[in-house]
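What follows is a set of notes on a single structure, which appears directly below.
For clarity, every value in this text was computed on a predicted model and none was experimentally measured.
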Amino acid sequence: MLTDSRLDAVVSAALDEDAPWGDITSTAVLPAAAQAQATLTAREPGVLAGSEAFSAAMRLTDATITVDFAARDGDRFDAGDELARVTGPARSVLTGERVGLNFVQRMSGIATLTARFVAAVAGTGARIVDTRKTTPGLRMLERHAVRCGGGHNHRYSLSDAVLVKDNHLAVLTAGGRDLTEALREVRKRIGHTTHFEVEVDRIEQIEPVMAAGVDTIMFDNFSVDQLREGVALVAGRALIDASGGVSLDTVAAIAATGVNVISVGALTHSARAIDLGLDIRIDAP
């Protein structure tokens with residue numbers, strides 16, 4: 001969840017990283033009294049995300065800077081659209097510029113890519129979700145961007161749900177232990193409100209996993225034909241999460257098999273930053 005305190009902590013860390021002892025260029029070059037007016041302009045089409053992070057970068061640099069957004073997170077924009085106006089001391093605006101742009105460009109790139117995936121599965125009922133393949137320390141922001149693009153979030157962290165993956169299963173069934181019985185023991189150990197998901201990578205694992213009473217079964221790197229077969233075997237007894245090998249070229253066919261959820265790591269680990277520019281005019285004192 002994007003909260004003010006957590007947002008400020010992330011943005012403050014980025015500002016400290018970029019100007020640990022101040023912006024010596026702006027201080028040396030610009031008069032202290034100079035004021036700047038700047039326009040955040042789109043140089044290509046996209047979906048906006050990161051307006052709060054951009055505004056925080058300016059506010060935490062200098063509380064006298066004002067930022068007025070003409071668009072909201074989740075809004076689509078075209079090349080040439082004016083997204084925001086920034087006014088304040090020139091030194092401060094230029095000090096916060098790069099950090100603010102880094103956040104809004106990165107997050108808008110994620111939102112834009114997510115919107116393409118969502119559009120590709122429209123009408124199928126499949127939900128596009130992100131994964132934990134996020135930039136360390138920036139998960140809150142990147143997952144907000146996914147929601148801005150019309151996608152949904154998978155579990156936020158390891159503390160939020162039980163997701164038993166292939167390496168867990170390898171340990172759990174070591175020595176020939178029965179898969180169903182091992183998972184039933186897991187079910188007994190977790191709280192009754194805790195979501196229980198198990199990953200399988202072979203068709204023959206489906207029935208033993210389903211017999212353990214899971215809430216969601218994840219089909220990992222299944223072909224489209226295998227997904228159809230798996231959907232028929234599950235027959236509505238659990239939610240089906242398709243993962244692995246998902247791209248804009250494959251996602252529509254995956255969605256058409258009848259799966260409920262499609263996990264897409266590319267939303268956060270492969271999104272390209274959107275080209276946005278901050279065009280600054282300096283008003284001499």
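- For Arg184, the CZ atom sits in a packed shell: over 12 heavy atoms of surrounding residues, nucleotides or ligands are nearer than 6.0 Å.
- Taking the side chain as every heavy atom from C-beta outward, Val162 and Glu197 never approach each other to under 4.5 Å.
- Contact record, Ala56 with Asp8: CB-OD1, 4.1 Å, taken as the closest heavy-atom pair.
- Of all heavy-atom pairs spanning Val231 and Gly258, the tightest one is CG2-C, 4.1 Å.
- A donor-acceptor contact closer than 3.5 angstrom links the side chains of Ser157 and Asp160.
- Within 6.0 Å of CG in Asp178 there are more than 12 heavy atoms belonging to other residues, nucleotides or ligands.
- Salt bridge status for Glu142 with Arg139: absent, with no side-chain N to carboxylate O gap under 4.0 Å.
- Atoms NE2 and CG, from His195 and Leu163 in turn, are 9.0 Å apart once rounded to the nearest 0.5 Å.
- Evaluation of the salt bridge (Lys or Arg N to Asp or Glu O under 4.0 Å) rule for Glu229 yields no partner, not counting sequence neighbours.
- Between Met218 and Val200, the closest side-chain pair of non-hydrogen atoms is not below 4.5 Å.
- A single hydrophobic cluster is seen to contain both Leu169 and Phe219, as judged by linkage of ILVMFWY side chains at heavy-atom distances under 4.5 Å, directly or through other members.
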Would you be so kind as to tabulate the donor-acceptor pairs closer than 3.5 Å made by side chains of residues 270-279, with sequence neighbours excluded?
unit_1 : atom_1 : unit_2 : atom_2 : d
Arg272 : NH1    : Glu44  : OE2    : 3.1
Arg272 : NH2    : Glu44  : OE1    : 2.9
Asp279 : OD1    : Arg43  : NH2    : 3.2

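- In terms of heavy atoms, Gly96 sits closest to Ala57 at O-CB, 4.2 Å.
- One hydrophobic cluster holds both Val259 and Val209 under the rule that ILVMFWY side chains link at heavy-atom gaps under 4.5 Å.
- In this structure, Val246 and Ile254 have side chains that are in contact, with non-hydrogen atoms separated by less than 4.5 Å.
- A donor atom on one side chain and an acceptor atom on the other are not found under 3.5 Å apart for His269 and Thr134.
- Counting heavy atoms from C-beta on, the side chains of Asn260 and Thr216 never come closer than 4.5 Å.
- A donor-acceptor pair is defined here as one N or O able to donate and one able to accept, closer than 3.5 Å; no such pair exists between the side chain of Ser243 and the backbone of Ser263.
- In terms of modelled atom types and a separation under 3.5 Å, the side chain of Asp130 and the main chain of Thr268 share no donor-acceptor contact.
- The shortest distance between side-chain heavy atoms of Leu94 and Ile280 falls below 4.5 Å.
- Ion pair Arg85/Asp68 not flagged as a salt bridge, since none of the NZ, NE, NH1 or NH2 atoms sits closer than 4.0 Å to an Asp/Glu carboxylate oxygen.
- Side-chain atoms of Thr135 never come within 3.5 Å of backbone atoms of Leu138 as a donor-acceptor pair (strictly under, hydrogens ignored).
- In this structure, Thr250 contributes its side chain and Gly245 its backbone to a donor-acceptor pair below 3.5 Å.
- Here the closest heavy-atom approach between residue Thr194 and residue Ala161 is recorded as CG2-CA, 4.4 Å.
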* Please test Leu113 against Leu248 for side chain to side chain contact (heavy atoms under 4.5 Å, CB included), starting from the C-alpha separation and ending with a verdict. => CA-CA 9 Å; Leu113 180 60; Leu248 282 170; 4.1 Å; yes
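- In terms of modelled atom types and a separation under 3.5 Å, the side chain of Glu199 and the main chain of Asp166 share a donor-acceptor contact.
- Under the 4.5 Å side-chain contact rule for hydrophobic residues, Met107 and Val47 do not share a cluster.
- Other residues, nucleotides and ligands contribute more than 12 heavy atoms inside 6.0 Å of the CD atom of Glu204.
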* Going through the checks in order, is the side-chain hydrogen bond (donor to acceptor under 3.5 Å, both in side chains) test met by Asn102 and Arg106? -> CA-CA 6 Å; Asn102 284 350; Arg106 166 74 177 155; over 6 Å; no
* Report the C-alpha separation of Val198 and Phe196 in whole Å, then their side-chain angles, then the decisive distance to 0.1 Å, and conclude whether the side chain to side chain contact (heavy atoms under 4.5 Å, CB included) test is met. => CA-CA 7 Å; Val198 177; Phe196 187 23; 3.8 Å; yes
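- Val251 and Ile110 fall within a single hydrophobic cluster, where Ile, Leu, Val, Met, Phe, Trp and Tyr are joined by side-chain heavy atoms under 4.5 Å apart, directly or via other members.
- No side-chain heavy atom of Val86 sits less than 4.5 Å from a side-chain heavy atom of Leu40.
- A distance of 7.5 Å separates OG1 of Thr257 from CD1 of Ile240, quoted to the nearest 0.5 Å.
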* **Residues Thr95, Val93; criterion side chain to side chain contact (heavy atoms under 4.5 Å, CB included); working and verdict** => CA-CA 5 Å; Thr95 297; Val93 171; over 6 Å; no
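- Comment: Arg91 does not engage Asp62 in a salt bridge, judged by the lack of any side-chain N to carboxylate O separation of less than 4.0 angstrom.
- Heavy-atom minimum distance, Pro89 versus Thr64: CD-OG1, 3.3 Å.
- In this structure, the side chain of Asp81 engages the main chain of Asp78 through a donor-acceptor pair within 3.5 Å.
- Residues Ser51 and Asp73 bring a donor and an acceptor atom of their side chains to less than 3.5 Å of each other.
- Rounding to the nearest 0.5 Å gives a distance of 6.0 Å between CG of Leu7 and CG of Leu141.
- Using a 4.5 Å cut-off on side-chain heavy atoms (C-beta onward), Arg187 and Asp215 make contact.
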Which side-chain N or O atoms in residues 115-129 pair as donor and acceptor under 3.5 Å with protein atoms at least two apart or in another chain?
unit_1 : atom_1 : unit_2 : atom_2 : d
Thr124 : OG1    : Val121 : O      : 2.7
Thr124 : OG1    : Ala126 : N      : 3.2

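- Separation of atoms CG (Asp201) and CZ (Phe222) is listed at 7.0 Å; rounding is to 0.5 Å.
- A donor-acceptor pair is defined here as one N or O able to donate and one able to accept, closer than 3.5 Å; no such pair exists between the side chain of Thr39 and the backbone of Thr41.
- Counting heavy atoms from C-beta outward, Leu83 and Phe77 have side chains that approach closer than 4.5 Å.
- Using a 4.0 Å cut-off between a side-chain N of Lys or Arg and a carboxylate O of Asp or Glu, Arg237 and Glu207 qualify as a salt bridge.
- Scanning all heavy atoms of the two residues, the minimum distance from Leu233 to Ile203 falls at CD1-CG2, 3.9 Å.
- With rounding to the nearest 0.5 Å, the separation of CD in Glu17 from CG in Leu15 is 10.0 Å.
- A continuous path of hydrophobic side-chain contacts links Ile206 to Leu172 [ILVMFWY only; heavy atoms under 4.5 Å].
- To the nearest 0.5 angstrom, Leu267 atom CG is 4.0 Å from Thr114 atom OG1.
- Looking only at distances, no side-chain donor or acceptor of Arg59 sits under 3.5 Å from a matching main-chain atom of Val67.
- Under the 3.5 Å distance criterion, the side-chain polar atoms of Thr112 are matched with a main-chain donor or acceptor of Ser108.
- The closest side-chain donor-acceptor pair between His144 and Asn153, if any, does not fall under 3.5 angstrom.
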* Asked: Between Met210 and Ile217, does a side chain to side chain contact (heavy atoms under 4.5 Å, CB included) hold up when you go through it step by step?
  -> CA-CA 8 Å; Met210 292 304 304; Ile217 185 166; 4.3 Å; yes
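- Under a 3.5 Å cut-off, the side chain of Asp75 and the backbone N or O of Arg72 do form a donor-acceptor pair.
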